[in-house]
Amino acid sequence: MLVQVPKGTNDILPAQIDYWYYLENIIKEVLQNFGYREIRTPVFEYTELFVRGIGETTDIVAKEMFTFSDKKGRSLTLRPEGTAPVIRAYLEHNLSRENPLTKLFYIESMFRSEKPQAGRFRQFHQFGAEAIGSPLPIIDAEIVVAALFIFQKLGLTDLTLHLNSVGCKQCRPKYLDALRDYFREKKAQLCADCQLRYETNPLRILDCKKEQCRVIVGKCPSIFKYLCRDCAAHFDALKVYLDKLGITYQINPFLVRGLDYYTKTAFEIISGELGAQNAICGGGRYDYLAEELGGKPTPGVGFAAGMERVLMTIIKQNIEIPLWGGIKVFVAVTGQDGVNTALEIANQLRSAGVAADMDFLGKSLKAQLRMANKLQIPYVLILGPDELKENAVLIKDMEEGTQETVSLKNILFHLKSLILKNKI
RNA sequence: GUGGGCGUAGCUCAGUCCGGUUAGAGCACUGGAUUGUGGCUCCAGUGGUCGUGGGUUCAAAUCCCAUCGCUCACCCCA
């Protein structure tokens, strides 16, 4: 049996790479225009970072991490998400000393040991942005806008922004108490998972999709009645900023994110083009994360988006993307003597910035032309014994079918003007 | 982790229900149709332990069992 890729992982083949370039280029361009700078952190971290950062009871930490030991028995984990590592790096390198507001972005692989399905993989790619240092709601607005900006620039439509506030240390415990009070007598009617969540984190009952739970959740107390003055004001201010920018959103009091570090703002962007896994972006504020990781209290807000899901949406929507321009000139040879000259010509063209290729399989002239035709190469140089004798080559225009003899000295100039003229 | 669908050539599939000669098609690939010229056409060729292992049978791609892989869905998420 042939060895295959591990379950849930994918090769990104040349046929798909233009999509990735398109996506990566727009991400970098937009986020840098917003003042975010790229950061790259290691693929693995000490396991403790994620346990402390994401939370022990979350699904990610409890059952989805790829964890292994190094030779000294220290526990390492392939990163399942990007925020905790970025905050770790921010604290470790004291990035705040240069600017009290640090704006960072990343484009990296993430790893989660889940059963794969459409839009879910064990190794997948996320891009994300983090704005660290400001407690003000206006930066929450910028984070949301930056994410939407990218999707808009990519050409995505049919997106819905879901918005919620999950409170803070002051008000969330009160809301959790209220939820427990409400669910206490109905506990027996909840699904098995939710009965467990009742103990660990009642918030998570809110986004259970089971019908039996949804019925009960439908009438549960809303968090908006329990938000403290600060959280309520923060949420109201964010809505005003978004309103003024003309951004539409849907308030979703049942939006609960799967990572414990979120406070105040939580949001998700849903694509109508996808199936069951339709969240292409999620984010929010995490004002206690830095402390959890042992740093000084530092507020922060950010988002992460799944690149595979974004690409699936791009493909579903049939969005046209820029493709690789391809080889412009093929240097064909007949007979052994021309091979060296052909290689020289090809390299000359490449040095001059003209994409050039030649035969490396000893094919016949006919086969070389066939290949050039298949690859849609617009010009073929033919170098045979006759041309060699005269220090010349034949330039064949593959579309017109015409050809002319040009001396070796003039090839470059000749080809460049041809290519320019046709704007290829 | 749990459940459904599917595994025949590089790709898309036919053949499986009702076992029977050397397992097929289209596309792709390679070569040819007189000297050193692509596309169109025609001809020929390469390529498959029918996912794997076992069982039933005179005979298995086809029936039975197991196993692996892919895929979709659940939990949850990007």
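What you see is a predicted model; the values in this text were computed from it and never measured.
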Item checked: Full working for ring pair (Phe, Tyr, Trp, His ring centres under 6.0 Å) between A:Phe267 and A:Tyr249 -> CA-CA 10 Å; A:Phe267 70 93; A:Tyr249 51 84; over 10 Å; no
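A distance of about 39 Å separates the P atoms of B:rC68 and B:rA28, rounded to the whole Å. When the C1' atom is used for both B:rU37 and B:rG45, the distance is 23 Å, rounded to whole Å. Comparing the same atom, P, in B:rU62 and in B:rG26 gives a spacing of 25 Å after rounding to whole Å. On the P atoms, B:rG10 is 11 Å away from B:rG47, given to the nearest whole Å. For the P atom pair drawn from B:rU8 and B:rU16, the interatomic distance equals 16 Å after rounding to whole Å. Taking atom P in both B:rC64 and B:rC18, one finds a spacing of 10 Å when rounded to whole Å. B:rC63 and B:rC17 are spaced 11 Å apart, taking the C1' atom of each and rounding to whole Å. With both ends at atom P, the span from B:rG31 to B:rG39 equals 12 Å, rounded to whole Å.
Using a 4.0 Å cutoff on non-hydrogen atoms, the parts of residues 382-389 of chain A near RNA chain B are A:Ile382, A:Asp386, A:Glu387, ordered by number. A heavy atom closer than 4.0 Å to some atom of RNA chain B occurs in A:Lys363, A:Leu365, A:Lys366, A:Ala367, A:Leu369, A:Arg370, A:Asn373, A:Lys374, these being the qualifying members of residues 362-374 of chain A.
Base-pair partner of B:rG20: B:rC58 (Watson-Crick or G-U wobble, both distances under 3.5 Å). Nucleotide B:rG26 is matched to B:rC11 when pairs are restricted to Watson-Crick or G-U wobble geometry with both distances under 3.5 angstrom.
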What N/O pairs connect the protein and nucleotides 40-47 of chain B at under 3.5 Å? Give each pair on its own line.
none

Could you run down the sub-3.5 Å N/O contacts of the protein with nucleotides 2-10 of chain B?
residue	atom	partner	partner atom	Å
B:rU2	O4	A:Lys115	NZ	3.2

With a 3.5 Å cut-off and sequence neighbours excluded, list the donor-acceptor pairs that the side chains of residues 17-25 of chain A form with protein atoms.
residue	atom	partner	partner atom	Å
A:Asp18	OD2	A:Trp324	N	3.2
A:Tyr22	OH	A:Leu154	O	3.0
A:Asn25	ND2	A:Tyr21	O	3.1

Which side-chain N or O atoms in residues 353-367 of chain A pair as donor and acceptor under 3.5 Å with protein atoms at least two apart or in another chain?
residue	atom	partner	partner atom	Å
A:Asp359	OD1	A:Leu361	N	3.1
A:Asp359	OD2	A:Gly362	N	2.9
A:Asp359	OD2	A:Lys363	N	2.9
A:Ser364	OG	A:Ala367	N	3.2

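Using a 4.0 Å cut-off between charged nitrogen and carboxylate oxygen, A:Lys174 and A:Asp177 do not count as a salt-bridge pair.
Listed by chain and number, the residues in a side-chain hydrogen bond (donor to acceptor under 3.5 Å, both in side chains) with A:Arg122 amount to none (sequence neighbours excluded). Taking the side-chain hydrogen bond (donor to acceptor under 3.5 Å, both in side chains) definition, one finds that A:Glu292 meets it with nothing, sequence neighbours left out. Taking A:Asp11 as the reference, A:Val5, A:Leu13 meet the side-chain contact (heavy atoms from CB on, under 4.5 Å) condition, with sequence neighbours excluded. Residues satisfying the side-chain hydrogen bond (donor to acceptor under 3.5 Å, both in side chains) criterion with A:Glu81, sequence neighbours excluded, are A:Tyr261. Partners of A:Ser75 by side-chain hydrogen bond (donor to acceptor under 3.5 Å, both in side chains), not counting sequence neighbours, listed by chain and number: A:Thr47.
Among the atoms of the strands shown, base atoms are found under 4.0 Å from some heavy atom of A:Gly119. Base engagement by A:Gln403 is indicated by at least one non-hydrogen atom pair under 4.0 Å involving a base atom. Among the atoms of the strands shown, none is found under 4.0 Å from any heavy atom of A:Gly335.
Note on ring orientation: taking the six-membered ring where Trp is involved, the planes of A:Tyr226 and A:Tyr175 are tilted (angle from 30° to 60°).
Listed by first then second residue, pairs satisfying ring pair (Phe, Tyr, Trp, His ring centres under 6.0 Å) with a partner in residues 128-159 of chain A read A:Phe34-A:Phe149, not counting sequence neighbours.
There is no side-chain donor-acceptor pair under 3.5 Å between A:Arg370 and A:Asn373. With no hydrogens or angles considered, a side-chain donor-acceptor pair links A:Gln123 and A:Ser109 at under 3.5 Å.
In this structure, the nucleotide among B:rG36, B:rC76, B:rA78 sitting nearest to the side chain of A:Gln126 is B:rA78.
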